[in-house]
**Student:** 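Just dropping this structure here.
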Amino acid sequence: MKNEITISELARLMHVSVHQIRYFEEKGALTPAYTDSNQYRMYGIDEIYRLAHILLLRRLGIPVNAIQGCTASSSPEQGQHLVQQALLDVRFEIRRLQELEQLMTNILNERQNADHSSNPYNLQRRRATYLTRWMRLEPLAKLTARQLVDQGGSVPNLFEADIHYIEDGPGAMNLYTEAEAPGDYSLPEGEYLSARMLIREESELEPAITQFYDYAATHDYRITAPLIVIERSYLSLFSPDKLHYELLAQLDPAAPAERRDHDDDRADHD
DNA sequence: CTTCTCACA
DNA sequence: TGTGAGTA
């Protein structure tokens with residue numbers, strides 16, 4: 001019985017595939033102690049340690065090629081740099097996952113918010129938000145696939161963000177998405193009237209808008225700024241035939257805006 | 001049981 | 001960076 005072991009024994013011992021060991025060899029990271037007369041690779045105790053090191057560095061996300069140079073020519077300086085780089089990479093990955101987590105909770109939260117379908121209207125105090133414009137829709141133009149590609153690469157992560165439609169001249173629309181910093185359009189902080197609704201056909205939108213203005217008028221809300229139509233893409237996620245919209249308009253800050261300390265005293269109109 | 005090579009994610 | 005199939 002030899003002291004050295006075969007590749008499959010080594011693989012079982014280290015909980016890796018035989019393939020993987022040969023792959024490391026191809027990359028120059030791990031050479032067998034010797035190859036037997038039957039062409040079998042044989043591994044001794046040194047190779048076991050070596051493989052353990054390689055596996056550890058792989059867990060840190062260091063590429064096998066890099067392990068080759070760092071373990072063989074063995075410059076501790078370089079090895080340290082590799083680990084530092086790997087650390088930077090995992091921090092980047094953590095950020096990525098945190099953003100993903102945020103997206104998921106947003107999707108879930110929006111569903112909760114959307115479910116109170118009793119009274120679509122509601123008054124909100126909103127912080128300033130900033131919008132960046134990414135496309136202009138000419139009057140009567142419908143959004144088509146062609147327009148999206150002709151528009152150039154500047155289409156945002158479409159349908160991961162809510163699309164804001166703001167009228168720009170007669171019949172024309174500008175399309176925006178939310179931005180971090182002040183951009184092409186700003187919604188100032190203030191009181192807003194909002195209505196959320198679920199719509200099956202685009203034709204339902206127009207009457208909803210007039211109804212929105214009617215509602216504002218009968219409640220003496222002064223709307224000065226343009227109406228913002230928000231297409232909430234998350235909410236259509238699980239009901240493809242329906243679109244969720246929010247109508248939003250800032251209330252005139254100059255108007256006396258009879259202080260409403262509670263906003264649930266309207267139930268007369270629908 | 002091993003080897004190698006190739007195609008595939 | 002590996003995996004799986006097929007071969008000898």
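A note on names: the letters A, B, ... follow the listed sequences, proteins ahead of strands, and every chain is numbered from 1.
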**Student:** Which part of the nucleic acid, if any, lies within contact of A/V18, taking any heavy atom under 4.0 Å across all strands shown: a base, the sugar-phosphate backbone alone, or nothing?
**Tutor:** nothing
**Student:** Report the distance from atom CG of A/L30 to atom P of C/dG2, rounded to the nearest whole Å.
**Tutor:** 13 Å
**Student:** Could you please spell out the steps behind the salt bridge (Lys or Arg N to Asp or Glu O under 4.0 Å) verdict for A/D168 and A/R133?
**Tutor:** CA-CA 12 Å; A/D168 178 44; A/R133 192 181 73 129; 5.2 Å; no
**Student:** Less than 4.0 angstrom between a side-chain N/O of A/Y23 and OP1 or OP2 of C/dT1, yes or no?
**Tutor:** yes
**Student:** Of all the heavy-atom pairs spanning A/A29 and A/R50, show the shortest one and how long it is.
**Tutor:** O-NH2, 3.3 Å
**Student:** If you write DNA chain B from 5' to 3' in dot-bracket form, with Watson-Crick or G-U pairs under 3.5 Å, [ ] for crossing pairs and | for pairs with another strand, what do you get?
**Tutor:** .|.||||||
**Student:** Take atom CD in A/E180; do more than 12 heavy atoms of anything else shown fall under 6.0 Å from it?
**Tutor:** no
**Student:** What is the distance, rounded to the nearest whole Å, between atom CD of A/E25 and atom C1' of C/dT1?
**Tutor:** 16 Å
**Student:** With heavy atoms of chain A within less than 4.0 Å as the criterion, where does contact along DNA chain B begin and end?
**Tutor:** B/dC1 to B/dC4
**Student:** Hey, is the side chain of A/S17 poking within less than 4.0 Å of OP1 or OP2 on C/dT3, counting only N and O atoms?
**Tutor:** yes
**Student:** In this structure, is the centre-to-centre distance between the rings of A/H219 and A/Y215 below 6.0 Å?
**Tutor:** yes
**Student:** For the pair made of CD in A/Q39 and C1' in C/dA8, what is the distance, rounded to whole Å?
**Tutor:** 12 Å
**Student:** Provide, to the nearest angstrom, the distance between the OH atom belonging to A/Y40 and the P atom belonging to C/dA8.
**Tutor:** 16 Å
**Student:** Between A/I7, A/N3, A/T35, A/T6, which is the residue that forms a side-chain contact (heavy atoms from CB on, under 4.5 Å) with A/M42?
**Tutor:** A/T6
**Student:** Could you go through the salt bridge (Lys or Arg N to Asp or Glu O under 4.0 Å) check for A/R12 and A/E9 one step at a time?
**Tutor:** CA-CA 5 Å; A/R12 234 174 319 123; A/E9 287 173 314; 5.3 Å; no
**Student:** Evaluate salt bridge (Lys or Arg N to Asp or Glu O under 4.0 Å) for A/E189 paired with A/R127, printing each intermediate quantity in order.
**Tutor:** CA-CA 4 Å; A/E189 173 175 3; A/R127 293 229 252 265; over 6 Å; no
**Student:** Inspect the contact between A/R91 and A/D89 and indicate whether a charged nitrogen and a carboxylate oxygen are less than 4.0 angstrom apart.
**Tutor:** no
**Student:** Under 4.0 Å, counting only non-hydrogen atoms across every strand here, what does A/R41 touch: a base, just sugar-phosphate, or nothing?
**Tutor:** sugar-phosphate
**Student:** A/L187, A/I223: one ILVMFWY side-chain cluster at the under-4.5 Å cut-off?
**Tutor:** no
